[in-house]
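Structure first, then comments.
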Amino acid sequence: GEFLDSCDVDEFKLCLVGLQEQIESGLRKIGKAGHPSIEIIHASEVIGMQDHGVTALRSKPDSSINVAVKLVKAGRAAGLFTAGSTAAAVACAYLRWHMLPGLDRPCIATVLPHEKGSFILLDAGATVECSSLNLAQFAVIGDIYARHVLNRKEPAVGLLSNGTEVGKGNRLTKDAFELIREVSSLNFIGNVEGHDLFSGKVDVVVCEGFVGN
């Protein structure tokens with residue numbers, strides 16, 4: 001409610017996608033029914049947390065996540081957020097929007113706090129088994145996010161490993177280390193350990209989705 005009160009009606013519109021009756025009921029409870037900044041888009045189906053992502057997307061074409069992703073693809077919305085199934089959200093975005101040229105796999109970027117500010121961790125669960133190239137691509141994505149969203153001028157990029165020394169880690173992280181080091185635009189500080197994440201020394205932490213999740 002407070003968020004809607006601060007919106008400029010002429011410049012901002014929020015599309016709420018889902019079961020219309022439930023959305024209208026919720027808006028009435030907070031006194032925002034008929035708010036000029038809100039448009040309700042009805043979606044007749046719901047993907048639950050227990051549903052398998054890709055299977056549910058195909059069996060429930062009128063699910064809220066399917067409808068919302070199509071709105072963005074059609075240019076009717078600038079972006080979306082969801083509190084629903086992460087698997088369904090990632091799968092739907094991957095299938096409907098596709099990847100940017102040069103990127104192979106999706107990742108989840110999560111901004112986490114530390115004593116001096118925040119850092120971004122990726123992947124936090126979208127691609128649980130990564131290649132070294134995937135990790136190198138995540139490093140570039142994280143660097144871009146840190147620069148343009150977190151406003152870091154020279155973000156420090158670290159690769160999560162079991163030691164900070166060069167040569168530490170398993171085959172995946174060792175190969176990824178070499179690939180990331182070759183990207184001249186990155187301020188790559190090398191390997192970082194778990195206790196480094198909240199020290200403020202690193203702005204971007206790269207790992208495979210299984211570890212990040």
Side-chain angles (χ1 to χ4, degrees), residues 47-57 64-65 68-69 72 79-100 102-152 155-164 168-177 179-180 183 186-213:
I47 294 178
M49 295 296 185
Q50 74 283 355
D51 292 336
H52 184 273
V54 175
T55 302
L57 290 173
S64 55
I65 189 63
V69 165
V72 176
L80 73 87
F81 62 89
T82 175
S85 166
T86 301
V90 172
C92 193
Y94 179 78
L95 293 172
R96 306 291 185 197
W97 294 344
H98 308 297
M99 300 296 295
L100 291 171
L103 298 179
D104 299 320
R105 298 293 300 168
C107 68
I108 296 174
T110 302
V111 178
L112 298 170
H114 58 63
E115 291 182 355
K116 302 175 184 177
S118 61
F119 68 97
I120 180 173
L121 174 77
L122 65 175
D123 177 21
T127 302
V128 294
E129 294 184 6
C130 296
S131 68
S132 56
L133 180 59
N134 294 151
L135 294 183
Q137 292 174 350
F138 296 165
V140 175
I141 294 170
D143 174 77
I144 294 171
Y145 190 100
R147 290 176 187 273
H148 295 282
V149 180
L150 302 182
N151 297 315
R152 310 291 163 80
V157 179
L159 177 65
L160 190 61
S161 187
N162 64 335
T164 58
K168 279 283 190 175
N170 56 18
R171 176 52 57 193
L172 172 65
T173 57
K174 289 177 182 178
D175 290 346
F177 185 100
L179 288 177
I180 298 171
V183 183
L186 297 179
N187 176 24
F188 182 48
I189 64 172
N191 291 328
V192 295
E193 295 187 65
H195 59 75
D196 294 318
L197 272 59
F198 300 95
S199 67
K201 67 178 289 185
V202 62
D203 299 298
V204 179
V205 177
V206 178
C207 60
E208 59 183 324
F210 181 83
V211 174
N213 189 266

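For this chain, numbers begin at 1 and follow the sequence in order. All figures in this text were calculated on a predicted structure; none of them were measured in a lab.
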Quiz item: Do L160 and V211 touch side chain to side chain, with heavy atoms closer than 4.5 Å?
Solution: yes

Quiz prompt | 4.5 Å side-chain heavy-atom contact, I180 and L186 | solution = yes

Quiz item: How close do V54 and A91 get, heavy atom to heavy atom, and via which atoms?
Solution: CG2-CB, 3.9 Å

Practice problem: Calculate, to the nearest 0.5 Å, the distance between atoms OG and CD1 belonging to S85 and I65 respectively. | Solution: 8.5 Å

Quiz item: Do we see a donor-acceptor contact under 3.5 Å between the side chains of S131 and N134?
Solution: yes

Exercise. State the OG-NZ distance between S132 and K174, to the nearest 0.5 angstrom.
Key: 13.5 Å

Quiz prompt | Nearest-0.5 Å distance that lies between atom OG1 in T86 and atom CG in N213 | solution = 8.5 Å

Quiz item: Between the main-chain N or O of L135 and the side-chain N or O of E208, is there a donor-acceptor pair closer than 3.5 Å?
Solution: no

Quiz item: Are any non-hydrogen side-chain atoms of L150 and P155 less than 4.5 angstrom apart?
Solution: no

Practice problem: Step by step, work out the side-chain contact (heavy atoms from CB on, under 4.5 Å) result for T164 and E193. | Solution: CA-CA 6 Å; T164 58; E193 295 187 65; 4.0 Å; yes

Quiz item: What heavy-atom pair brings T82 and G84 nearest, and what distance separates the two atoms?
Solution: OG1-N, 2.9 Å

Self-check item: For the student: nearest non-hydrogen atoms of L122 and A109, plus distance
Solution: CB-CA, 4.0 Å

Quiz item: Less than 4.5 Å apart, any side-chain heavy atom of F188 and any of L159?
Solution: yes

Self-check item: Between CD on residue E115 and OG on residue S199, distance to nearest 0.5 Å
Solution: 9.0 Å

Practice problem: Looking only at non-hydrogen atoms, find the nearest pair between A139 and V157 and report the distance. | Solution: CB-CG1, 4.1 Å

Quiz item: Mind checking what makes side chain to side chain donor-acceptor pair (under 3.5 Å) contact with T110, not counting sequence neighbours?
Solution: none

Quiz item: Under 6.0 Å from the six-membered ring centre of F138 and within 45° of its axis: does the NZ or CZ of R105 meet both?
Solution: no

Exercise. Report the C-alpha distance between V111 and Y145 in whole Å, list the side-chain angles of each, state the deciding distance to 0.1 Å, and finish with yes or no for side-chain contact (heavy atoms from CB on, under 4.5 Å).
Key: CA-CA 10 Å; V111 178; Y145 190 100; 3.8 Å; yes

Quiz item: Heavy-atom distance under 4.5 Å between the side chains of L95 and L57, does that happen here?
Solution: yes

Practice problem: Kindly compute the distance separating CG (L103) from CD (Q137), expressed to the nearest 0.5 Å. | Solution: 5.0 Å

Quiz item: Closest heavy-atom contact between V192 and I189?
Solution: CG1-CD1, 4.0 Å

Exercise. Kindly compute the distance separating CG (D175) from CG (L133), expressed to the nearest 0.5 Å.
Key: 11.0 Å

Self-check item: Distance-minimising heavy-atom pair for A56 and D51
Solution: CB-CB, 3.8 Å

Quiz item: Side-chain contact, heavy-atom cut-off 4.5 Å: M99 with D104?
Solution: no

Self-check item: Side-chain heavy-atom pair T127, P106 within 4.5 angstrom cut-off
Solution: yes

Exercise. Kindly assign one of parallel, tilted or perpendicular to the pair F119 and F198, based on the angle between their ring planes and the thresholds 30° and 60°.
Key: perpendicular

Quiz item: So do the side chains of N170 and N162 get within less than 4.5 Å of each other, counting heavy atoms only?
Solution: no

